[in-house]
Visitor: 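My questions will all concern the structure given below.
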Amino acid sequence: MVSRMPKHVGIIMDGNGRWGKANALTRSQGHYAGVQAMEKVIDASIAFDIEVLTLYAFSSENWSRSKEEVNYLMRLPIRFFKQKLPEFIRRNVKILISGNIDGLPAATKKVLMRAIEETKKNTGLIVNFAFNYGGRAEIIRAVQQVIREMREQKLELNEELIGRYLYTSGLPDPDLIIRTGGEQRLSNFLLWQSAMTELYFSDVYFPDFGEEHLREALYEYQQRKAIYEFADVYPSAR
Ligand code: FPP
């Protein structure tokens, strides 16, 4: 049987703040509920044999939020990994970070570096947190490094060379990007990598997003793939 499962799924986890408001709670409580949904999505990704899950957890644009909310979001990984890191180690999950880790508060950076270090030999699901991440900044950073390389040696400028200097170097491009919360745009997420990616939008606020919603998105992805394959085999049916 042909497997049409995506290898790499990206999720723009949107709608935490609105979920908080809709439930008479604060935005931060919405983010906390988002972390619980994130745990469920990680569990489901292991069950579905997904290879890479990239989660948009903090964008470079998120710094413009209130000081209180930014502080809360910066502390979330500390709390999260304190609780979950031993489990990730045990369950063979490998943690990666895409983003400017040096631009983070020292305590947040430390906990993220430790999660990367302690899971680096794991071979199961890769959970790649896009944290302090922006797609345009990532491309600029890659181009700067490419220019430096090209000054030193003669190299052909091509997609592979740029890809080598992106945060996602070594990972397959995302096959599917899911955005929750009703908006239908990429918001600076994986701009280079999403050139050929299927996009799936869900109206569900991220804290309410669970295994069944992920399953629906994967099912839709598989149906689209089956339709493309059919059209390739029977072009006259297009
Ligand atoms: C967008 O919702 C969500 C975020 C800015 C943060 C998402 C982060 C998590 C779910 C947890 C991250 C945790 C770790 C451990 C890295 P929003 O606030 O933009 O929602 P709104 O559109 O309703 O305002």
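All ligand and atom numbering here is 1-based and tracks the order in the structure. Small disclaimer: the values here were computed from a predicted structure and weren't measured.
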Visitor: Looking at atom 3 (C) of ligand 1, what's its closest protein heavy atom, distance included?
Guide: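 The closest one turns out to be Met13 O, 3.1 Å.
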
Visitor: Do Lys120 and Glu117 meet the salt-bridge criterion of a basic N to acidic O distance under 4.0 Å?
Guide: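 Salt bridge flag = yes for Lys120 with Glu117.
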
Visitor: Looking at ligand 1, does any of its N/O atoms fall within less than 3.5 Å of an N/O of Phe81?
Guide: no

Visitor: List the closest protein heavy-atom neighbour of atom 21 (P) of ligand 1: residue, atom name, distance to the nearest 0.1 Å.
Guide: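 Protein heavy atom at minimum distance: Arg18 NE, 3.6 Å.
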
Visitor: Scan the side chains in residues 201-209 for donor-acceptor partners under 3.5 Å anywhere in the protein, sequence neighbours excluded, and list what turns up.
Guide:
{"residue": "Ser202", "atom": "OG", "partner": "Val204", "partner atom": "N", "Å": "3.2"}
{"residue": "Asp208", "atom": "OD1", "partner": "Trp19", "partner atom": "NE1", "Å": "3.1"}
{"residue": "Asp208", "atom": "OD2", "partner": "Trp19", "partner atom": "NE1", "Å": "3.4"}

Visitor: Would you find a donor on one side and an acceptor on the other, under 3.5 Å apart, between the side chain of Thr119 and the backbone of Asn122?
Guide: no

Visitor: Please list every donor-acceptor pair under 3.5 Å in which a side-chain atom of residues 40-52 meets a protein atom from a residue at least two apart or in another chain.
Guide:
{"residue": "Asp43", "atom": "OD1", "partner": "Arg91", "partner atom": "NH1", "Å": "2.7"}
{"residue": "Ser45", "atom": "OG", "partner": "Val41", "partner atom": "O", "Å": "2.8"}

Visitor: Check for a donor-acceptor pair, side chain of Arg18 on one end and backbone N or O of Gly181 on the other, with a separation under 3.5 Å.
Guide: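 The answer is yes, because a donor-acceptor pair under 3.5 Å joins these two groups.
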
Visitor: Under 4.0 Å from a heavy atom of Phe80: which atoms of ligand 1 are those, numbered in the order shown and with their elements?
Guide: 15 (C)

Visitor: Check whether any heavy atom of Gly181 sits under 4.0 Å from an atom of ligand 1.
Guide: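 Under 4.0 Å: no for Gly181.
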
Visitor: Using distance alone, determine whether Gly15 and ligand 1 share an N or O pair under 3.5 Å.
Guide: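 Yes, Gly15 has an N/O under 3.5 Å of an N/O on ligand 1.
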
Visitor: Quick one: which ligand 1 atoms are inside 4.0 Å of a heavy atom on Val35?
Guide: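 Heavy-atom distances to Val35 below 4.0 Å select 11 (C).
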
Visitor: For ligand 1, does Arg27 get within less than 4.0 Å through its side chain, its backbone, both, or neither, judged by non-hydrogen atoms?
Guide: side chain

Visitor: Geometry only, no angles: is Asp14 polar-contacting ligand 1 at N/O separations under 3.5 Å?
Guide: yes

Visitor: Side chain of Asn132, backbone of Ile101: donor and acceptor closer than 3.5 Å?
Guide: no

Visitor: Within a distance under 4.0 Å of any heavy atom of Phe129, pick out the atoms of ligand 1 and give their elements.
Guide: 16 (C)

Visitor: Quick one: does ligand 1 sit under 4.0 Å from the side chain of Asn62, the backbone, both or neither, non-hydrogen atoms only?
Guide: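 Just the side chain.
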
Visitor: Test your reading of the model: is there a side-chain donor-acceptor pair from Arg224 to the backbone of Glu198, 3.5 Å cut-off?
Guide: no

Visitor: Side chain of Asn128, backbone of Leu53: donor and acceptor closer than 3.5 Å?
Guide: no

Visitor: For the pair Phe80 and Phe88, name the ring-plane relationship: parallel under 30°, tilted 30 to 60°, perpendicular over 60°.
Guide: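 Ring orientation, 0 to 90° scale: tilted.
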
Visitor: How close does the nearest protein non-hydrogen atom get to atom 10 (C) of ligand 1, and which residue and atom is it?
Guide: Asn16 ND2, 3.4 Å

Visitor: Check this for me, if you would: do Glu87 and Lys84 make a salt bridge, where the nitrogen-to-carboxylate-oxygen distance has to be below 4.0 angstrom?
Guide: yes

Visitor: Keeping Thr197 on the side-chain end and Pro174 on the backbone end, is there a donor-acceptor pair under 3.5 Å?
Guide: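 Yes, Thr197 side chain to Pro174 backbone: donor-acceptor pair under 3.5 Å.
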
Visitor: At under 4.0 Å between heavy atoms, which part of Arg65 makes contact with ligand 1: side chain, backbone, both or neither?
Guide: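 The answer is the side chain.
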
Visitor: My understanding is that we take every heavy atom of each candidate and find the minimum distance to atom 14 (C) of ligand 1. Doing that for Arg79, Glu39, Glu61, Met38, which one comes out nearest?
Guide: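 Closest candidate by heavy-atom distance is Met38.
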
Visitor: Can you name the atoms of ligand 1, numbered from 1 with element, that are less than 4.0 Å from a heavy atom of Ala57?
Guide: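 Numbered from 1, ligand 1 contributes 6 (C), 7 (C), 8 (C), 12 (C), 16 (C).
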
Visitor: Can you pull out the closest protein heavy atom to atom 4 (C) of ligand 1? Residue, atom name and distance to 0.1 Å, please.
Guide: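 For atom 4 (C) of ligand 1, the nearest protein heavy atom is His31 CE1, 3.8 Å.
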
Visitor: Evaluate Trp19 for polar contact with ligand 1, using N/O atom pairs at a separation under 3.5 Å.
Guide: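 Between Trp19 and ligand 1, no N or O pair is found under 3.5 Å apart.
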
